[in-house]
Each structure stands twice: as C-alpha cells, then as structure tokens.
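Only one structure is covered here, and it is reproduced in the block below.
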Amino acid sequence: MSKVCQVTGKRPITGNNVSHSHRKTRRRFLPNLHYHRFWVESEKRFVRLRLTAAGMRIIDKKGIDSVLDELRARGEKI
C-alpha cells in the first residue's frame with residue numbers, strides 16, 4: 001500500500017543519513033500516517049481515511065464534509 005496522505009497528498013521523500021564522519025547513505029523520510037474513522041453526520045456513516053497528523057488538523061479546521069467534497073472532486077473513492 002502506498003504511503004500517501006489522502007487529504008494533503010504528502011508522500012515519502014528521500015535524503016541522507018549523515019554519520020559523525022559525514023559519510024552519507026540514502027534514506028527515506030516517511031509521512032506520519034494514521035488510519036482514522038470520522039463520523040459524517042450528513043451521510044450517517046463512518047468514513048475511514050489514511051492521513052497524516054497535518055491532515056487531521058485540516059479536517060479540524062475545515063470540517064469533514066468540505067474535505068470529503070474536495071476528495072471526491074479529485075476523483076478519490078471514499
């Protein structure tokens with residue numbers, strides 16, 4: 001399964017592990033993903049989303065209904 005936030009679109013990025021002697025080896029920085037169930041009052045059901053902590057804050061700010069409208073406009077199946 002891909003490690004992508006459904007709300008923000010954040011995905012893994014790459015960088016370097018840097019040792020004390022400044023040797024560099026490649027690594028991945030993964031997003032802080034969680035599964036979370038949200039109750040959607042307008043649909044009388046729970047919606048399960050895979051999102052980052054930042055995505056949860058966006059839902060707190062905008063509301064679950066407006067975020068779901070944006071996801072559906074993007075063509076994502078919920």
Side-chain angles (χ1 to χ4, degrees):
M1 178 173 287
S2 64
K3 297 179 186 309
V4 179
C5 175
Q6 289 181 290
V7 175
T8 62
K10 288 187 178 189
R11 52 182 58 243
I13 59 173
T14 59
N16 290 315
N17 281 324
V18 182
S19 70
H20 181 69
S21 63
H22 288 284
R23 292 178 62 114
K24 293 174 178 68
T25 57
R26 298 303 283 176
R27 63 163 286 185
R28 292 175 78 199
F29 291 93
L30 301 177
N32 185 15
L33 286 175
H34 303 277
Y35 282 107
H36 196 280
R37 282 188 339 157
F38 293 96
W39 175 252
V40 182
E41 186 62 37
S42 60
E43 300 177 13
K44 299 282 191 235
R45 70 183 185 107
F46 281 101
V47 173
R48 185 173 179 242
L49 297 175
R50 188 172 196 208
L51 38 79
T52 58
M56 286 188 203
R57 294 183 67 203
I58 288 172
I59 289 174
D60 285 344
K61 184 176 179 180
K62 291 183 173 182
I64 187 68
D65 291 320
S66 64
V67 171
L68 287 179
D69 290 340
E70 292 172 9
L71 290 176
R72 289 184 176 121
R74 252 192 275 158
E76 222 174 297
K77 185 177 178 239
I78 297 169

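Only this structure's heavy atoms are used, side chains among them; waters, hydrogens and symmetry mates stay out.
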Atom pair NZ/OG1 of Lys3 and Thr52 - distance to nearest 0.5 Å: 14.0 Å

Could you pull out the closest heavy-atom pair between Met56 and His36, with the gap in Å? CE-CD2, 3.9 Å

Residues that Arg48 engages under salt bridge (charged side-chain N to carboxylate O under 4.0 Å, His left out), provided they are two or more places apart: none

Nearest 0.5 Å, please: how far is NZ in Lys10 from CZ in Phe29? 13.5 Å

Work out which heavy atom in Asn17 is nearest to a heavy atom in Arg26; give both atom names and the distance. ND2-O, 4.5 Å

Atom CZ of Arg23 with >12 non-hydrogen neighbours under 6.0 angstrom: no

Do Leu30 and Leu51 sit in one hydrophobic cluster, given that two such residues count as connected whenever their side-chain heavy atoms are within less than 4.5 Å of each other, even indirectly? no

Determine, using the 4.5 Å side-chain heavy-atom cutoff (strictly less than), whether Val7 and Leu33 are members of one ILVMFWY cluster. no

If you compare all heavy atoms of Pro31 against all heavy atoms of Pro12, which two are closest, and at what distance to 0.1 Å? CD-N, 3.9 Å

Could you give the distance from SG (Cys5) to CD1 (Ile58), rounded to the nearest 0.5 Å? 7.0 Å

Please report the closest heavy-atom contact between Lys62 and Glu70, naming both atoms and the distance. NZ-OE2, 3.1 Å

Transitive ILVMFWY side-chain link Ile78 to Val4, under 4.5 Å: no

Crowded around Arg57 CZ? As in, over 12 foreign heavy atoms under 6.0 Å? no

With sequence neighbours left out, what residues match Phe46 under ring pair (Phe, Tyr, Trp, His ring centres under 6.0 Å)? Trp39

Classify the side-chain pair Ser2/Arg11 by whether it contains a donor and acceptor separated by less than 3.5 Å. no

Should the heavy atoms of other residues, nucleotides or ligands under 6.0 Å from CZ of Arg37 be counted, would the total exceed 12? no

Whether the Asn16 and Arg27 side chains hold a donor-acceptor pair (N or O, under 3.5 Å, no angle test) is what I'd like checked. no

Side chains of Leu49 and Ile64: does their closest heavy-atom pair fall under 4.5 Å? yes

